[in-house]
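Structure first, then comments.
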Protein chains: 2
Amino acid sequence: MKEEKSEIVITSLDDIARELGLSKSTVSRALSGKGRIGAQTKARVRQYVKKAEYKPNLIARSLAQSKTYNLGVVLPADSDLAEKPFFQVFLLGVCEAASANDYDVVVTVVVEKDISALKNLVRNKKVDGIILTRLLVHDYAAAYLKRSGIPFLVVGSSSDESLVQVDTDHESACENLTSLLLSMGNRRMAVVIGSDEHAVNISRYRGYAKVMENRPEGICREIVFQNVGSKTAIDKSVEGIMKEGADCILCGDDIICSQVLSKLNAMNIRIPEDIRVASFYDSAHLKYNNPPITALEIDVKELGVIAGQSLIDKISGKPFTRRTILNYQIALKKSTQ
Amino acid sequence: MKEEKSEIVITSLDDIARELGLSKSTVSRALSGKGRIGAQTKARVRQYVKKAEYKPNLIARSLAQSKTYNLGVVLPADSDLAEKPFFQVFLLGVCEAASANDYDVVVTVVVEKDISALKNLVRNKKVDGIILTRLLVHDYAAAYLKRSGIPFLVVGSSSDESLVQVDTDHESACENLTSLLLSMGNRRMAVVIGSDEHAVNISRYRGYAKVMENRPEGICREIVFQNVGSKTAIDKSVEGIMKEGADCILCGDDIICSQVLSKLNAMNIRIPEDIRVASFYDSAHLKYNNPPITALEIDVKELGVIAGQSLIDKISGKPFTRRTILNYQIALKKSTQ
DNA sequence: TTGTATGCGTTATCAC
DNA sequence: GTGATAACGCATACAA
């Protein structure tokens with residue numbers, strides 16, 4: 001009676017080689033598919049590996065190839081951003097793409113301008129490439145990564161042609177939404193938008209400005225609020241907007257919109273009767289609001305998938321698109337009727 | 001004139017050893033601190049390493065020690081959970097703890113009951129330990145990890161004593177909030193809570209039930225809604241609750257609460273005049289709501305830090321607490337006045 | 001206290 | 001097409 005093979009634990013190419021009477025280089029080739037190898041030996045090895053439930057040691061492979069098969073994703077930890085589901089949903093998308101390509105995802109955090117964790121990740125060679133999930137106007141992280149030479153990709157739009165970018169065209173999206181609301185009869189369009197340091201806020205404002213500049217009345221500074229962050233700043237801007245008699249408020253993102261709504265509510269101002277409200281970025285809370293809020297919708301998870309796949313393509317030396325622009329939708333709701 | 005040392009790139013222990021006229025094992029010891037080593041050689045090596053900006057190759061170390069210095073964090077990707085900032089904030093906390101211990105964080109996703117990505121992570125030995133960010137009543141992931149033998153920790157409470165747990169005491173928190181609201185004059189306390197499959201929802205309901213059972217009127221089934229998920233289910237429950245003449249609604253979490261508020265708003269029901277509302281879990285949106293909503297507050301980031309640190313302790317063989325309970329606060333707001 | 005030799009499990013470069 | 005053998009960079013048991 002033969003020995004039970006199942007008692008032998010197979011943990012390395014050596015083990016397989018011994019069991020099959022081959023050399024470990026042959027086994028390696030059979031599994032990787034690289035190099036010349038006989039069709040039947042290949043099949044035999046693969047079959048054996050399958051039933052032996054052998055899993056190659058990826059660490060060893062990493063050492064040999066100096067590749068980690070890890071993608072790095074950099075999340076910002078600035079207080080208000082932590083509340084935004086954007087990063088989480090995006091991350092799920094990246095994980096999906098990574099998983100489909102046998103990569104894993106390592107996350108790291110930058111707090112304000114402190115990119116030390118990112119530096120460690122790069123210097124320790126823990127990842128093959130990196131995704132920056134938001135772009136600042138003067139982005140330390142991007143500047144560092146550029147110097148470091150590691151493949152990376154930014155979510156956001158920049159005039160820097162050397163950056164690989166994945167983004168929605170915020171500028172034209174906001175332009176379209178603004179035009180549309182004008183065409184629906186609104187005239188004095190106010191805007192409340194976040195920090196100027198975030199590239200996305202600049203793009204959004206540009207979209208708005210582009211439309212308003214071409215109107216006879218032009219941009220009315222009294223109802224334009226950029227760089228608002230705190231709840232009190234938002235409250236003040238809403239008060240100012242109402243005093244100026246605007247008929248529509250455009251909110252830079254969902255968090256701002258949520259706070260604008262809260263303030264309007266507190267002031268007993270009805271939507272859409274007394275004023276219309278729309279947001280440049282959507283979220284569940286705006287959908288569930290009463291009334292539901294008109295907003296730009298983007299498929300964030302898909303954005304993550306595409307970002308992940310693009311980065312992997314770049315890492316693998318495959319052709320990759322330097323700038324990928326995702327679609328958006330304007331979801332018209334009761335808040336602007 | 002001597003050669004410029006700065007021209008030589010130091011990439012391995014061998015390089016350092018050669019430059020310093022030592023053997024690489026001595027250098028290794030000087031850096032790791034393990035084994036016996038002379039105080040001055042140690043200092044000399046460390047100083048040299050510092051100015052040479054040498055970074056050890058962690059992959060090689062991993063291979064040699066069969067340790068990855070990576071923590072795995074499992075995020076659920078069920079549609080509604082993706083919107084909850086909980087996981088994101090928690091993740092930031094874990095990253096902080098990891099970073100402080102020279103660990104990195106690898107994230108992976110489970111969708112419903114599909115734990116294949118988690119299995120790959122474990123089988124490929126990409127991490128030294130794992131954190132499950134939510135616990136199901138019948139948790140496949142936890143069961144798998146138990147079988148696999150890898151160190152892991154769950155966020156959530158379970159009667160399974162073999163699980164390392166980190167959590168808030170949801171049951172007593174909800175108990176306290178419920179009692180408090182009763183003592184404030186409310187009598188018919190309705191509850192709207194999410195899926196029974198999530199351990200946390202069971203705990204929350206228990207806290208509520210524990211208080212109500214001891215009341216003369218007992219638990220009134222007509223105003224208890226468990227297992228609600230969809231917006232329509234929530235709308236229906238709110239309608240039922242109003243018909244039954246409840247005077248307070250307890251919401252299982254922030255998302256549910258948000259939807260309950262939306263429905264109440266649509267029905268022109270005033271808070272707190274017509275009905276009081278509170279939530280078993282807080283979020284920015286509830287704070288910004290008008291009126292602000294009474295809710296249980298927990299420090300989620302701190303939860304992440306503690307989870308990360310506990311797992312690292314367990315991995316390192318340090319003493320660790322089998323069950324860590326974090327504090328919570330009851331934030332009384334206008335919605336229950 | 002320090003040096004030598006070996007192992008970790010792959011991939012890759014040679015011969016054959 | 002296959003098999004030795006040398007990297008990859010570090011840790012560690014053992015020898016000195």
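From a predicted model like this one, the values you see are computed outputs, not experimental measurements. Within every chain, numbering begins at 1; the chains are lettered A, B, ... in the order of the sequence lines, protein sequences first and strands thereafter.
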Side chain of Lys24(A), base of dT10(C): donor and acceptor closer than 3.5 Å?
yes
Is [X] touching bases, backbone alone, or none of the nucleic acid, heavy atoms closer than 4.0 Å?
| X | result |
| --- | --- |
| Leu22(A) | sugar-phosphate |
| Thr41(A) | sugar-phosphate |
| Ser12(B) | sugar-phosphate |
| Leu63(A) | base |

Phosphate-side-chain proximity, [X] and [N], N/O vs OP1/OP2 below 4.0 Å:
| X | N | result |
| --- | --- | --- |
| Ser66(A) | dC8(D) | no |
| Ser25(B) | dG3(C) | no |
| Tyr54(A) | dT10(C) | yes |
| Ser23(B) | dG3(C) | yes |

Determine yes or no for a side-chain-to-main-chain donor-acceptor pair under 3.5 angstrom, with Ser310(B) supplying the side chain and Ile306(B) the backbone.
yes
Look at the side chain of [X] and decide which nucleotide, out of [options], has an atom nearest to it.
| X | options | result |
| --- | --- | --- |
| Ala64(A) | dG9(C), dT12(D), dG3(D) | dG9(C) |
| Ile37(B) | dT2(C), dT10(C), dG3(D) | dT2(C) |
| Ser28(B) | dG9(C), dA11(D), dC10(D) | dA11(D) |

Just the rounded figure in Å: distance from P of dG9(C) to CZ of Arg61(B).
18 Å
Atom-to-atom span, CG of Leu13(A) to P of dA4(D) - whole angstrom
15 Å
For Val164(B) against Thr321(B), the heavy-atom pair lying closest together:
CG1-O, 3.8 Å
